[in-house]
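The analysis underlying the following values was restricted to heavy atoms, covering all of them including side chains, and did not include hydrogens, waters or symmetry mates.
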Amino acid sequence: MAEQSLLEAIREGLHEEMARDPAVYMLGEDVALGGPFGVTAGLAEAFGTQRVVNTPISEGAVMGLAIGAAAVGLRPVIEIMFIDFITLAMDQLVNHAAKLHYMSGGQLKIPLTVRVQCGISGNMGAQHSQSLEAWLAHVPGLKVVTPSCPADAKGLIKAAIRDDNPVVFIEHRGLYWARGEAAGAGAAVTPIGEAAVLREGEHITIATFGRQVAAALEAAAELAPQGISAEVIDLRSLQPLDMDTLVESVRKTGRLLVVHEAVSEGGIGAEIAMRVQQAAFYDLDGPILRLAAPFSPIPASSALDRFFVPGKAEILRAVRGAFRRQGAGG
Amino acid sequence: MAEQSLLEAIREGLHEEMARDPAVYMLGEDVALGGPFGVTAGLAEAFGTQRVVNTPISEGAVMGLAIGAAAVGLRPVIEIMFIDFITLAMDQLVNHAAKLHYMSGGQLKIPLTVRVQCGISGNMGAQHSQSLEAWLAHVPGLKVVTPSCPADAKGLIKAAIRDDNPVVFIEHRGLYWARGEAAGAGAAVTPIGEAAVLREGEHITIATFGRQVAAALEAAAELAPQGISAEVIDLRSLQPLDMDTLVESVRKTGRLLVVHEAVSEGGIGAEIAMRVQQAAFYDLDGPILRLAAPFSPIPASSALDRFFVPGKAEILRAVRGAFRRQGAGG
Amino acid sequence: MPEAALHRELLARMWLNRAFEEKVSELYASRVITGLLHLAIGQEAVAVGACSHLRTDDWVLGGHRSHGHAVAKGADVKRLMAEIAGRATGYCGGKGGSMHLVAMDAGFVTATGVVGGQIPLALGAAFAAKEGGRQQVAVVFFGDGAGQSGAFHESLNIASLWRLPLVFVCENNGYAEFTPLSAHTLVERLARHAETYGMPAHTLDGNDLLAVHDAMGKAVSQARAGKGPVFVECLTHRMRGHYEGDPAKYRELSQLAEWKEKDPIARFARMIETRSGLTAAEHGAIEADARARIEDAAQFAIASPWPDADEADTQVSAGHG
Amino acid sequence: MPEAALHRELLARMWLNRAFEEKVSELYASRVITGLLHLAIGQEAVAVGACSHLRTDDWVLGGHRSHGHAVAKGADVKRLMAEIAGRATGYCGGKGGSMHLVAMDAGFVTATGVVGGQIPLALGAAFAAKEGGRQQVAVVFFGDGAGQSGAFHESLNIASLWRLPLVFVCENNGYAEFTPLSAHTLVERLARHAETYGMPAHTLDGNDLLAVHDAMGKAVSQARAGKGPVFVECLTHRMRGHYEGDPAKYRELSQLAEWKEKDPIARFARMIETRSGLTAAEHGAIEADARARIEDAAQFAIASPWPDADEADTQVSAGHG
Ligand SMILES: Cc1ncc(C[n+]2csc(CCOP(=O)(O)OP(=O)(O)O)c2C)c(N)n1
Ligand SMILES: Cc1ncc(C[n+]2csc(CCOP(=O)(O)OP(=O)(O)O)c2C)c(N)n1
Ligand SMILES: [Mg+2]
Ligand SMILES: [Mg+2]
C-alpha cells in the first residue's frame, strides 16, 4: 500500500484538477511559494504564476474576487490561511457566494472552493486555532467538507473543485503530516454529502470528523475487548450532513456520541443531536452525548491547550460514562 | 397601563444609560440622525454629537474602534444597521472583543454593546433579512440577548450596557412598532441569562424569542380550549441560555418545540435540543421539535418571504402534529 | 453612428432610465411594488454615459441603487420591472428584488445590497475577462459612501497591482443615506485614492452626459487594450430621498432646486437642441416612446404571476454541472 | 536628560530588546518555548525610538511581531518572557502567548495575531484618550503587509476625520511573510495613503534610531497637542525569518549581508562613540547588563509554574463590574 501525507494528497488533488481544467485558478497569500505549510508547493512551477496567484493580505477583497470570477466562468480555489481569518471574508462568502445562485434565480453559478486550515496545533493561541465549521454549515448555499485521511482529502478537494457551488474545504493543521493510504493518481472523487462508516459496531455510534476520527477509531479498538462495540462514522461532509447514514447507525446502536474540536455550544454536534433525535427518538437508549472543546477561547500555553482537543482518553471516558449512566438512570 | 413601542423602549433605555454614565457613547451610521428607523432619535440633541457619533460605512474599523475604546475604559454602544453586515465586523467581534478578556488573563474588560437589527420585514431580500444569532452564540466571550416586548427591550439594553462583557443586543425590525406595557422611567435591568415563562402549561413547552413569542402566545391561547396546555418560554438570552428554566419546564411538560426565524439547520434550536435531551432525556415523551425558516436564502418577493416567518398557524400545526405523532408512533 | 443620431440615442436611453424609475416610484406608492427601493433619478447620465461604450459581453456590477445600471446595460425592462415587483417572470423569479438584480443575458452580473460589496466581485469579473483574452472589460458602479469601506480600498490596490481591465465608476452624489460626504471623510474627491495607486483617475460633472460619455470612452478603451484599470468619479445628485419613503429632511431645499436646474436630461436636451438640432417634437416623441416601453413593462409585471410557494426554497444549490 | 545620557539610555533599551528576542529564539530552539514566534531582531530602533516619547499612561498596540514593542513600552520583561513561555506568572497567565501580549501596567494595550487588526483597536484607544482630556496619545505598530488590509484604510480615514491623537507607526520591512512588498502593492511608500487624508506623514530610515526618535518626538507632540494623527513609516528589515523556523530561502543572501551592515544597534553605537563618547567598555557593560536582565527573566520564566488545568476555561467572561 502506497502511503502519503494528507498534505501531499491535497496537493495531488489540486494538481490533477488544475491539469484537467484550465478554468481552475489558485489564489491566496504566498500560495505560489507553497504557503506556510507547503500545501501548494510546486503548483506555480507546474502551472505558472498566472494561475497560482499570490495575493495581498486582503482576505475580503480576494474572496470577492474569487466569487466574481466564479460567477463569470472560472473555478477559483482560494486559500484563507487560518479559518480564524475567514471572519474577514464573511460578507463575501455568506452574503454573496452562498446567495448569488439563489438571488439570481439560477442565472449565476459560483463554482468556488475555499481552502482553509483549522484546529489546535503548535500552541498558536486563540486567534490561530479555532474550528468554525458550524458557522459555515448554518449558511444555506455553502457546502462544507473536511477530510480525516489522505484518500478523502484528495477525493474531496477534487469534488469541491468540480462542484458548481461554493464549497469550503477545511484542513486540520494537526493532520497535515498524518500519513495514510494514498488515493493514487487520477483517483475517484469522494462525493460530497456522504459519511463513511469506518468501523461497524453494535452498541454506540461515534460520529466525528477531522482529527478526532483517529482518536475515535483508537478508542473503539480499545473498547471492543471490553465488550463495547462502537461504530465509528467519519462525517466528512458537514453541509450537507449524511443523515441517512447517521440515523441508520443510531437506529442500530441506540446511542450516539458526537465528537468535535470546535467549542461545545452551537457546534455541529448540536445540529446532529436535533436531527438524530427527531428521526430516531424511539430508538435511542440514552441521551445523545457531546464531547467538544470547552466553551472558551483557546489558550496559547502548551499546559492548557491540550484540554481543548478531545482525544482517545476523553472518548473512552464519555463512552464508558454513557453505559454507566444507563445502569443508574435509564 | 402605559404603553410604548419596542423602539421607544430601546431609545428610553439608551437615554437613561447615557444620562447615568458619561462613559457611554453611541457609534454608528447616521445614529446622530436617529438611524433609518429612528431608534436613536433625540440622543444627539440630548447628549451632543461628541457622544452620539455618526460613522463612515466602515463596519470593521468602527467595531474595532468601539472595542479598543472599551478596552481602555469607555462603554461604547455600536449600531450595525443590519445583522447581515455584521459579517464585515466578525474579525473584530470574534477575534478581539470576545477574546481579549481571556487572552489578557483578565487584564482587559470589554464593556461593549453591539446593537443590531435583524429579521424578515419589508421584503428586503436575502441580504437584509437574516437572523444570524446562532453564529454569535457559538462564540465564547460574547453574550447575546434579544427582546420580544418593550419592557424587556429597555431592561436588556440597560443590562447590556452595564455588563462588563461584549453583549450583542438583537432587535427584530418587525417588532419595532409593536406596542406593549412600558417599563417606566428608571425601570429595572432585566438580568442577562434569564428566560421568562410567559404562560404556564402542562403538555408541551414552546421555547422561542423575538418576533415568534407573540405567535407562540397566540397559538397557546388557541390550543388551551382544545385541551393542549402549552407553556411558553421567551428565551430572551441566547448566550448564555437559561437551561435551568428550560429543563425544568420540559421535565414538567415532557415535550419541547423550539421556534426561530433563523434558518433551520445550525440555529439556536439545535443547541437547545442537544442540551435539553442531555438533561431531560428520560422525561421526554417525544422528540424535540423545531420550527424555523427553510434552509435557504430569503427571497425578496412578498409572495415568497412569508414562508420564512414561522407564525401562529405553523406553531399550531407543529404542536398538533406532535400529539398526533404520539398517538401513532410513541 | 453619426453624432446627431448618437445624441438622440443617448437621450432616449436616459429617458428610458428616468421613465423606469418614475414608474417604480409610482408602483411603490400604489403598493404594487414593495421592498427597500433606492432610485437613481437625477443620476441617469452616469449610467447611460458609462454603459454606452460596452459590449453585451462586457460585465457590469452595481449596488443598492442600480436599476438604472441594468437598464442602461441593455437588460430587458419587462423582466427587470417584474423582478422588482417580485413576480415569477422577473429575471430572478422574484428571489432577487430591487437590490439584487442580475441580468446575465445583458452582461449585468449582479447588484448587491451590501455597500461596497460589488467592488471585489467586479475585480473577479475583470480577472476572468483578462484571462479569457477576448478584450472584455468590467465596469463597477458604487457610491461615495462605499469609498470609506475596506472593500473599496483593498480592491483599488489589487486592480492596479494586477492591471485588471476594470473601470471604477464612482457615483459621488455627496450623500450616504442622510449624511453628507464631509461627515464621512476629509477626502473630497475619491479619485485621489486611485491616483495613489498610479491609476488614471478623473473627476467630472456626472450630470453632463457627454462628459461621462467621453471619459468612459477613453477609460473603456484603455481597459480593453490591457492597460489596466481606470477610475472615473462622477459628481452627481439624487433628486429623491435615499430610499422611497425617505422624506429627505436632511437636505436643504435650495440645494435640491439647484440640482433640478442641473437635471441631466433637460440639460442634455437643451444642449443637443443647438448642437444636433433636436426639436421639441422629437424630444417629446423620444420621451413618449420611453414611457410607453416602460408602461408596457409595468403592465407585463402587473399581469405576471407571483412565484409559486414551492419555489421559495429551490435554487439554494446548483445541480451538478 | 543630557544628550549623552539619553544616547546611552536608548542604546540600553535597544540591547534589552535584542537580548530579549535572542533569548526567546534560544528558548525556542531548546523547546522551552513553543508556539508561533515572530522576532523583530533588526527592527529594534523602531520600537525603542517610538516608545521613548511615551508616558506610561499612553497606549501602545501591536501585532504578531510585537515582543519588542511591549519591552520598549516598559513592560516587565520577566512577565513577558513567562507569558511567551506559557507560564502562570506571565502577564496573561499563559493564555495570550507571543502574539497576544497585554501589559496594562505599562500601557501596552494589546497585540493581535490578525494582521491589521490592531489598527482599528488603536483608533478606539485614541478615541478614549481624546475624550479623557488628559493629553494621552495612542501609538500603533503594524507592518507593510497590513497596509493592504481594509482595516488599515478604514482606520486612516476615521483617524484623520476625527483628528484622533494617534500615531501610526508602519514598520516597513519590505516583506509580508515570504513575498516582497512589490508583490502586494504598487505603492512603495505606505505613507502616501496617509498624505491623501491630509495627515502629516514621514518615511524614514527605521534603522537609524535618532531619525525615528526625532520623527516620533514631533509626531507624539502633535498628537498630544490635539492636532490629530501622524503617520511615521520606518523602513527597516527583519534579520530573521518570518517566524522562528522559517529558513527564509526567499531572500537573497547578499541582501541579508547588506542589512547586517545596517544593524541598528551597531550603527547607533558607532555613531555615539563619536558623538557622545561611548567607550567600548561602556558599550560592553550596557550589553552585558541587558543580557543579565534578560537571563533573569528567562530563569524566572523557566522556574515559574505552569498554569493549572482548571485555569483553562476561566476568564471567558468578566464578572460584574
Ligand atoms: C455594508 C453596508 N452598510 C450599511 C448599509 C446601509 N446603507 C445602505 S445605502 C447606504 C449609503 C450608501 O451611500 P453611497 O455609497 O454614497 O450610495 P448612494 O446611496 O448615495 O447611492 C447605507 C449606509 C449597507 N447597505 N451596507
Ligand atoms: C488577517 C491575516 N491574514 C494572514 C495572516 C498570516 N500572516 C501572519 S504575518 C503575515 C505577514 C505580515 O506582514 P507585515 O504586515 O509586513 O508584518 P511583518 O511580518 O513583516 O512584521 C501574514 C500574511 C494573519 N496573521 N492575519
Ligand atoms: Mg452617495
Ligand atoms: Mg513586513
Taking atom CD of A:E248 as the centre, report whether more than 12 heavy atoms of other residues, nucleotides or ligands fall under 6.0 Å from it.
no
Residue from B:A279, B:A262, B:S264, B:P140 scoring the most non-hydrogen pairs under 4.5 Å with chain A is B:P140
How far does CG of B:D84 sit from CE of A:M90, to the nearest 0.5 angstrom?
12.0 Å
Smallest heavy-atom separation, B:P297 atom then A:A98 atom, equals CG-O, 4.3 Å
Any side-chain heavy atom of A:W135 sitting closer than 4.5 Å to one from B:V94?
yes
In Å and rounded to the nearest 0.5 Å, what is the OG1 to CG distance from A:T87 to B:L93?
10.0 Å
Pair count under 4.5 Å, heavy atoms only, with chain A: among B:L284, B:I298, B:I272, B:V263, highest is B:V263
Please look at B:A137 and chain A and tell me whether the side chain, the backbone, both or neither of the residue comes under 4.5 angstrom of a heavy atom of that chain.
backbone
Kindly compute the distance separating OG (B:S296) from NZ (A:K99), expressed to the nearest 0.5 Å.
9.0 Å
Which atoms of B:P299 come close to chain A, meaning under 4.5 Å heavy atom to heavy atom: side chain ones, backbone ones, both, or neither?
both
Please look at B:F295 and chain A and tell me whether the side chain, the backbone, both or neither of the residue comes under 4.5 angstrom of a heavy atom of that chain.
both
Okay, B:V139 and chain A: the region with an atom under 4.5 Å from a heavy atom over there is both
Test item: B:M274 and A:E271 side chains (from C-beta on) under 4.5 Å apart, heavy atoms:
no
Once rounded to the nearest 0.5 Å, what's the spacing between atom CZ of A:F281 and atom CG of B:L289?
10.0 Å
By a 4.5 Å heavy-atom criterion (distance strictly below it), what part of B:Q239 contacts chain A: side chain, backbone, both, or neither?
side chain
Looking only at heavy atoms, what is the nearest atom pair of B:P287 and A:Y282, with distance?
CD-OH, 3.6 Å
Would you find a donor on one side and an acceptor on the other, under 3.5 Å apart, between the side chain of B:Q277 and the backbone of A:I288?
yes
For chain A, the option from B:A300, B:A134, B:G286, B:G269 that forms the most heavy-atom pairs under 4.5 Å
B:G286
Among B:Q92, B:Q130, B:H138, single out the residue with the greatest number of heavy-atom pairs under 4.5 Å to chain A.
B:H138
